[in-house]
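Structure record follows, encoded as structure tokens.
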Amino acid sequence: MSEIRQKHIPVMLDEVLTALKPQNGELYIDATFGNGGYTRALLEAADCKVIALDRDPSVKIRANEFKNMYGERFDFRAGCFGDVADLVLEPVNGAVFDIGVSSMQIDEPERGFSFSKEGILDMRMSQNGLSAKDIVNTYSEQELADLIYQYGEEHKARQIARRIVESRRSKEIETTTELAEIIYTVVHKKFGEIDPATRTFQALRIAVNDELGELERGLNGAAKRLLKNGRLVVVDFHSLEDRIVKNFFRDNGGKRVRVSKYAPELIQDEHLFAEVSKVMMPAKEECLQNPRARSAKLRYAVRG
């Protein structure tokens with residue numbers, strides 16, 4: 001399948017396939033299609049079918065390439081993965097989520113995701129609705145501070161919000177680099193440390209795309225479509241996402257009790273998942289080859 005170019009390296013691909021265990025004749029959901037890395041791997045690992053979802057209209061060209069290559073084994077459905085239960089009515093054997101912004105989106109300055117590339121402050125994955133520029137220029141100082149603190153876990157959120165409001169009084173903040181420079185007046189760059197704009201940009205992206213709400217709805221929706229022994233796999237990239245995933249699997253996993261130290265663990269109550277994995281991290285080799293993998297965590301669960 002070399003005709004389909006790889007523009008984006010899927011994170012923890014081997015671990016995802018091991019967790020999903022694709023089999024011939026089965027049906028899977030790739031809830032975050034992007035450049036199709038997971039979809040392609042699934043379709044090549046077994047004679048299975050994949051339903052791919054994505055809210056970003058720019059991936060339609062890529063989806064058409066896959067349709068030409070894989071025919072009836074591939075089905076693309078446009079929409080947010082939070083609406084997975086409405087987009088996919090079929091029972092499935094597994095689903096995978098790669099949570100976070102795609103490197104393809106970051107690499108396009110006009111999408112406004114990256115503070116290192118000048119572009120209009122946008123950040124809308126679906127390319128419609130409220131943009132980051134709208135938020136930065138219309139939210140009150142208190143609203144901005146709360147947003148940056150809650151979604152960015154930025155300790156200097158109040159100072160950054162105050163400086164944003166001061167700056168926009170004289171001129172509307174339009175570009176990614178304009179906003180980054182405002183942030184740098186509060187939190188100075190230090191060699192070898194994370195860029196000071198990272199947390200604020202993360203906060204805006206999460207708010208613009210309702211990423212945490214989408215994740216909660218997506219997990220619940222995908223779980224509803226899983227057949228018995230179906231597998232739900234999630235790769236996430238920061239603590240806010242990981243907390244949601246961890247709590248979802250914990251709250252819906254069987255409560256294990258040990259009658260005695262000699263007896264095996266028993267599942268006391270019937271729950272959605274019969275098995276919940278421990279957190280998995282990428283190998284050092286992958287992190288060296290793909291910097292995006294460094295913050296990745298993988299968790300999976302098996303439907304009871």
Side-chain angles (χ1 to χ4, degrees), residues 10-13 15-23 25-34 37-39 41-42 45-46 48-55 74-100 125 206 209-256 265-280 296-304:
V11 171
M12 299 185 73
L13 180 58
E15 292 87 346
V16 166
L17 290 177
T18 299
L20 273 177
K21 299 184 184 302
Q23 303 293 320
E26 294 190 341
L27 178 62
Y28 300 90
I29 299 171
D30 181 352
T32 47
F33 176 66
Y38 292 149
T39 290
L42 284 167
C48 60
K49 296 182 179 181
V50 174
I51 297 171
L53 312 179
D54 207 299
R55 68 163 87 175
F74 174 74
D75 184 8
F76 177 75
R77 302 178 187 180
C80 299
F81 62 70
D83 298 326
V84 59
D86 297 321
L87 293 167
V88 181
L89 301 180
E90 303 93 323
V92 301
N93 301 98
V96 59
F97 290 75
D98 174 359
I99 308 302
M125 292 181 182
I206 289 173
N209 298 290
D210 186 25
E211 290 182 22
L212 303 184
E214 287 292 326
L215 177 56
E216 291 178 344
R217 292 188 293 274
L219 293 174
N220 280 286
K224 289 178 182 177
R225 295 293 173 253
L226 287 180
L227 291 162
K228 183 177 176 59
N229 296 320
R231 292 169 170 265
L232 176 57
V233 182
V234 185
V235 179
D236 61 59
F237 295 89
H238 62 72
S239 60
L240 297 176
E241 297 168 345
D242 193 59
R243 192 175 303 134
I244 290 172
V245 177
K246 179 175 65 176
N247 291 342
F248 177 77
F249 283 161
R250 181 200 64 200
D251 295 344
N252 290 284
K255 182 180 179 182
R256 296 183 179 275
E265 285 187 343
L266 302 174
I267 296 180
Q268 187 179 51
D269 302 315
E270 286 297 322
H271 280 70
L272 188 62
F273 299 119
E275 178 187 345
V276 175
S277 78
K278 293 182 179 179
V279 64
M280 301 167 65
K297 293 181 180 179
L298 184 151
R299 300 176 190 272
Y300 73 87
V302 182
R303 181 74 191 258

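Positions are given from 1 along the sequence. The model shown is predicted, which means the values in this text are computed figures rather than measured ones.
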Among residues at least two apart in sequence or on other chains, which ones pass side-chain contact (heavy atoms from CB on, under 4.5 Å) with Glu26?
Gln23, Tyr28, Asn93
Answer whether the closest heavy-atom distance between the side chains of Tyr38 and Val11 falls below 4.5 Å.
yes
Strictly distance-based, threshold 3.5 Å: is any side-chain N or O of His271 a donor or acceptor partner for the main-chain N or O of Phe273?
no
For Phe74, what residues pass the ring pair (Phe, Tyr, Trp, His ring centres under 6.0 Å) criterion, not counting sequence neighbours?
Phe33, Phe66
Tell me whether Arg231 contacts the main-chain N or O of Lys21 through its side chain, where contact means a donor paired with an acceptor under 3.5 Å.
no
According to side-chain contact (heavy atoms from CB on, under 4.5 Å), who are the partners of Thr18, at least two apart in sequence or on a separate chain?
none
For Thr32, what residues pass the side chain to side chain donor-acceptor pair (under 3.5 Å) criterion, not counting sequence neighbours?
none
Could I get the full list of side chain to side chain donor-acceptor pair (under 3.5 Å) partners for Asn229, not counting sequence neighbours?
none
Are Arg303 and Leu272 side-chain neighbours, meaning at least one heavy-atom pair lies under 4.5 Å?
yes
What pairs with Phe81 under ring pair (Phe, Tyr, Trp, His ring centres under 6.0 Å), at least two apart in sequence or on another chain?
Phe97
For Lys246, salt bridge (Lys or Arg N to Asp or Glu O under 4.0 Å) partners two or more places apart:
none
Can you list every pair that meets side-chain hydrogen bond (donor to acceptor under 3.5 Å, both in side chains) and has a residue in residues 213-228, with sequence neighbours left out?
Asp210-Arg217, Glu214-Arg217
Any donor-acceptor N/O pair, Asp242 side chain to His238 backbone, under 3.5 Å
no
Determine all donor-acceptor pairs shorter than 3.5 Å in which one atom belongs to a side chain in residues 83-91; sequence neighbours excluded.
residue : atom : partner : partner atom : Å
Glu90   : OE1  : Arg77   : NH1          : 3.2
Glu90   : OE2  : Arg77   : NH2          : 2.7

side-chain contact (heavy atoms from CB on, under 4.5 Å) filter on Ala78, not counting sequence neighbours, yields Phe76
4.5 Å side-chain heavy-atom contact, Lys297 and Met12
no
Between Val279 and Leu298, does a side chain to side chain contact (heavy atoms under 4.5 Å, CB included) hold up when you go through it step by step?
CA-CA 6 Å; Val279 64; Leu298 184 151; over 6 Å; no
Taking only residues two or more places apart in sequence, or in another chain, which ones meet Tyr300 in a ring pair (Phe, Tyr, Trp, His ring centres under 6.0 Å)?
none
